[in-house]
Q: 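Dumping the structure here so I can ask a few things about it.
Only this structure's heavy atoms are used, side chains among them; waters, hydrogens and symmetry mates stay out.
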Amino acid sequence: MRTKSRASRSGLHIRSADAGDDEFILSLVARFVDFELPAWRKPNACAEGIRRDLKQRLDALPAGEAMFIAEDRDGARVGFLRVQRMRDFFTGKPNCHISDLVVAPGQDGRGIGRALLEHAQAWAVQQRCALLTLSVFPGNARARRLYERAGFGLDLLRMAKPVR
């Protein structure tokens with residue numbers, strides 16, 4: 001799916017990911033834990049879980065999921081997005097969820113994250129979703145600011161407590 005969003009106006013191009021993108025996508029795993037995590041979350045363990053999940057999806061993308069790559073004017077890959085279609089627990093209506101959104105190192109502040117969010121929203125409209133959701137660690141202040149500026153607000157607050 002291609003959209004005429006901020007991506008095309010800023011010189012970014014967002015396209016469906018393909019097998020040639022696997023190495024690039026996996027190279028971004030460290031960015032998913034490059035901020036303050038809750039005390040009981042260890043960066044290496046989180047990164048390994050993310051890597052394992054991404055590898056599984058790269059091998060066989062489940063129905064109702066899509067992966068996209070953001071490229072700059074020169075065709076360099078600068079970001080990654082994975083979205084899922086699911087049912088809302090409370091209403092049973094279709095919702096879309098941003099599972100992964102990451103901008104490549106050194107590319108922050110160029111509007112790439114914003115363009116990927118807009119692409120996710122366009123995908124959600126196409127999928128006839130009632131809500132577009134995402135999860136973010138409390139310590140990821142930069143991402144939280146981006147999401148809030150894009151109109152995301154708290155829906156559910158997940159809390160955790162180590163039991164050992």
Side-chain angles (χ1 to χ4, degrees), residues 6-7 10 12-62 64-72 75-86 89 95-121 123-124 129 131-164:
R6 181 179 308 275
S10 67
L12 291 173
H13 169 69
I14 300 176
R15 61 168 175 81
S16 293
D18 60 40
D21 296 312
D22 291 5
E23 186 177 323
F24 169 72
I25 292 167
L26 293 173
S27 77
L28 299 173
V29 168
R31 294 283 287 178
F32 286 105
V33 295
D34 190 21
F35 46 83
E36 183 181 343
L37 292 169
W40 52 86
R41 297 283 186 192
K42 303 303 176 209
N44 289 342
C46 288
E48 185 50 40
I50 292 165
R51 180 179 307 284
R52 189 173 41 253
D53 180 63
L54 285 172
K55 279 184 178 179
Q56 182 179 16
R57 265 113 179 116
L58 291 169
D59 288 343
L61 191 64
E65 290 192 23
M67 292 185 177
F68 300 98
I69 299 292
E71 296 177 333
D72 67 13
R77 293 172 288 205
V78 294
F80 165 67
L81 167 70
R82 178 168 59 116
V83 287
Q84 301 171 293
R85 190 170 191 272
M86 54 187 51
F89 176 81
N95 281 349
C96 290
H97 182 76
I98 297 172
S99 300
D100 301 300
L101 189 154
V102 64
V103 173
Q107 302 297 320
D108 294 325
R110 295 184 49 216
I112 298 163
R114 196 169 44 245
L116 288 168
L117 281 176
E118 288 179 0
H119 195 79
Q121 183 165 338
W123 188 83
C129 290
L131 289 174
L132 179 60
T133 64
L134 54 80
S135 299
V136 61
F137 280 110
N140 193 346
R142 185 181 186 107
R144 290 177 60 195
R145 284 190 303 272
L146 171 67
Y147 301 149
E148 288 167 0
R149 283 192 309 264
F152 286 85
L154 288 179
D155 180 36
L156 296 172
L157 185 61
R158 177 180 161 163
M159 299 178 76
K161 175 185 173 184
V163 293
R164 296 194 237 179

Q: For Lys55, is there an ion pair with Asp59 - N to carboxylate O distance below 4.0 angstrom?
A: no

Q: Pair Leu132, Phe152 - check side chain to side chain contact (heavy atoms under 4.5 Å, CB included), show working.
A: CA-CA 9 Å; Leu132 179 60; Phe152 286 85; 3.8 Å; yes

Q: To check you understand the geometry: which heavy-atom pair defines the closest contact between Pro105 and Leu28, and what is its length?
A: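 Nearest pair, atom of Pro105 first, then Leu28: CD-CD2, 3.9 Å.
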
Q: Quickly, which of Asp18, Asp21, Asp22, Asp72 forms a salt bridge (charged side-chain N to carboxylate O under 4.0 Å, His left out) with Arg77? Name it, please.
A: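 Testing Arg77 for a salt bridge (charged side-chain N to carboxylate O under 4.0 Å, His left out) against Asp18, Asp21, Asp22, Asp72 leaves exactly one candidate, Asp21.
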
Q: Less than 4.5 Å apart, any side-chain heavy atom of Ile25 and any of Val102?
A: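 Not touching, per the 4.5 Å side-chain cut-off.
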
Q: Do Phe80 and Leu54 have side chains that approach each other closer than 4.5 Å (heavy atoms only, starting at C-beta)?
A: yes

Q: Locate the shortest heavy-atom distance separating Pro138 from Arg144; write the atom from each residue and the value.
A: O-NH1, 2.8 Å

Q: CG/Asp53 to CD/Glu48 distance, rounded to the nearest 0.5 angstrom?
A: 11.0 Å

Q: Got a second to check how far Cys129's SG is from His97's NE2, nearest 0.5 Å?
A: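 Nearest 0.5 Å value for the SG-NE2 distance: 12.0 Å.
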
Q: Using salt bridge (Lys or Arg N to Asp or Glu O under 4.0 Å) as the criterion, list what pairs up with Asp100, not counting sequence neighbours.
A: Arg82

Q: Testing the basics here: between Ile112 and Ala70, what is the closest heavy-atom pair and its distance to 0.1 Å?
A: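 Closest approach of Ile112 to Ala70: CG2-CB, 4.2 Å.
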
Q: To the nearest 0.5 Å, how far apart are CZ in Arg114 and CG in Leu12?
A: 10.0 Å

Q: Considering residues at least two apart in sequence or located in another chain, which fulfil the ring pair (Phe, Tyr, Trp, His ring centres under 6.0 Å) criterion with Phe24?
A: none

Q: Any Lys/Arg nitrogen of Asp108 or Arg31 sitting under 4.0 Å from an Asp/Glu carboxylate oxygen of the other?
A: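 A salt bridge links Asp108 with Arg31.
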
Q: To the nearest 0.5 Å, what is the distance between CZ on Arg15 and NE2 on His119?
A: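 So the CZ of Arg15 and the NE2 of His119 are separated by 11.0 Å.
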
Q: Can you confirm whether Glu36 is buried at CD, in the sense that more than 12 heavy atoms of other residues, nucleotides or ligands lie under 6.0 Å from that atom?
A: no

Q: Which heavy-atom pair separates Cys46 from Leu37 by the least distance, and what is that distance?
A: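 So the minimum-distance heavy-atom pair works out to SG-CD1, 4.3 Å.
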
Q: Kindly indicate whether the side chain of Leu116, heavy atoms from C-beta on, has any atom under 4.5 Å from the side chain of Ile98.
A: no

Q: Can you check whether Leu134 reaches Leu117 side chain to side chain, under 4.5 Å on heavy atoms?
A: yes

Q: Of all the heavy-atom pairs spanning Trp123 and Cys96, show the shortest one and how long it is.
A: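 Minimum heavy-atom contact is CZ3-SG, 3.5 Å.
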
Q: As an exercise, state the distance from OH of Tyr147 to CG of Asn140, rounded to the nearest 0.5 Å.
A: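 Tyr147 OH to Asn140 CG: 6.5 Å, rounded to 0.5 Å.
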
Q: Working to the nearest 0.5 Å, report the span between CD1 of Ile50 and CG of Leu26.
A: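 One finds 11.5 Å between CD1 of Ile50 and CG of Leu26.
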
Q: Do you know the tightest heavy-atom contact between Ala66 and Leu61?
A: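 Result for this residue pair: CA-CD2, 3.9 Å.
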
